[in-house]
2 protein chains.
Amino acid sequence: MLTPEMLKGHLDAIVLAALEAGPAHGYAIIETIKQRSAGTFDLPEGTVYPALHRLEQAGLLSSAWTTPPSGRKRRVYSLTRTGTAALGERRKAWGRFSQAVDTALGPVLGGGRA
Amino acid sequence: MLTPEMLKGHLDAIVLAALEAGPAHGYAIIETIKQRSAGTFDLPEGTVYPALHRLEQAGLLSSAWTTPPSGRKRRVYSLTRTGTAALGERRKAWGRFSQAVDTALGPVLGGGRA
DNA sequence: GCTCTACACCTAGTTATGCTAGGTATGGAA
DNA sequence: TTCCATACCTAGCATAACTAGGTGTAGAGC
């Protein structure tokens, strides 16, 4: 069973990674994350929007309101230079963390990963 | 940088795994985890003891006080049958979770793992 | 015209849990 | 007799994902 707590401390990296390919608005980011994780991370808006605000306030993202011809207002987020650097850091941190858990969990013996 | 939040939701599995090889007391469990994670998880007692109590209350661990000839009292924890089953579940959950993060983080391109 | 769904954003408050900081006590070494 | 490693405990803090509610637009179906 995947609990919400498992995501703690890892969401920022995932959001930043979703913006690496280019700017996007909140709703689209949620979709991207859902698809890239093969449906595993179907994040509620109440999770993603506050995260975006946090990341912008931290200077890792910048945002701009846009009104496409269709009519609906959207807030489009982009990675800042700091954000791109942070993404690299977070990826490294994830690598170290996941490897440590892998070894701490011990002999999986053909369990999960190749 | 590895933040404490990253561990949230994963600690239980790590503690259970540390007891898979056999019963042990709290202090030894901390040492085991430190060694198995190559020093990455140097957990404070205030993290591990409450976790042990939680797991015992949940029926995944059982404990017994022992007084070895040296003199100091120790509380030795063992995996219950439920705990062993739970460990299997947690390992599977970790596998699914970490794989989802791996893909969500996207092209690491020779970054962290083999 | 009216309802319903999908899109698109927001926030106050809850909850879970790892950690900080403090405490108790034994035994051996300096 | 002072200090450190061992060995246990707990109250309270901090963080962050989530719940549950809200606003408003656009298009489809009746």
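Worth knowing before you read on, the calculation uses all heavy atoms, side chains too, and leaves out hydrogens, waters and symmetry mates. In what follows, chains carry the letters A, B, and so on, assigned in the order in which the sequence lines appear, proteins first and then strands, with residues in each chain numbered from 1.
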Measure from the side-chain heavy atoms of A:Leu7 and tell me the nearest of D:dC9, D:dC18, C:dA8.
D:dC18
How far apart are the closest heavy atoms of B:Leu87 and B:Ala17, and which atoms are they?
CD1-N, 3.8 Å
Return yes if the base of C:dT17 and the side-chain atoms of A:Lys8 contain a donor-acceptor N/O pair under 3.5 Å, otherwise no.
no
Nearest-nucleotide comparison on DNA chain D, the residue closer to the 5′ end among A:Pro4 and A:Glu45
A:Pro4
Given DNA chain C, 5'-ward residue of the pair A:Glu5 and A:Pro50, judged by closest heavy atom:
A:Pro50
Under 4.0 Å, heavy atoms only, any strand: does B:Gly26 hit a base, just the sugar-phosphate, or nothing?
sugar-phosphate
Is any side-chain nitrogen or oxygen of A:Arg74 closer than 4.0 Å to OP1 or OP2 of D:dT25?
no
Ranking D:dA17, D:dT19, C:dG27 by distance to the side chain of B:Arg72, first place goes to C:dG27
Using 4.0 Å as the upper bound for N to carboxylate O, is an ion pair formed by B:Glu31 and B:Lys34?
yes
Please report, rounded to the nearest Å, how far the P atom of D:dA7 is from the CH2 atom of B:Trp65.
12 Å
For B:Met1 versus B:Met6, what's the shortest heavy-atom pair and its separation?
O-CE, 3.6 Å
Take the protein atom CD1 of B:Ile30 and the nucleotide atom P of D:dA5, then report the distance between them rounded to whole Å.
15 Å
What's the CG-P distance between A:Asp12 and D:dT15, to the nearest Å?
13 Å
Report the distance from atom NZ of B:Lys73 to atom C1' of C:dT26, rounded to the nearest whole Å.
12 Å
Interatomic distance where CG belongs to B:Asp42 and P belongs to C:dG18 [whole Å]
16 Å
Given D:dT10, C:dC19, C:dT11, identify the nucleotide with an atom nearest to the side chain of A:Tyr49.
C:dT11
Counting only side-chain N and O atoms of A:His53, is one of them less than 4.0 Å from OP1 or OP2 of C:dT11?
yes
Of all heavy-atom pairs between A:Arg90 and A:Ala13, which one has the smallest distance, and what is that distance?
CB-CB, 3.6 Å
What's the CE-P distance between A:Met1 and C:dA16, to the nearest Å?
12 Å
To the nearest Å, give me how far apart CG (B:Leu43) and P (D:dC8) are.
15 Å
Over all heavy atoms of both residues, which pair between A:Ser62 and A:Thr80 is shortest? Give the atoms and the distance, please.
N-CG2, 3.8 Å
Within this structure, what is the CZ-to-P distance between A:Arg54 and C:dC10, rounded to whole angstrom?
14 Å
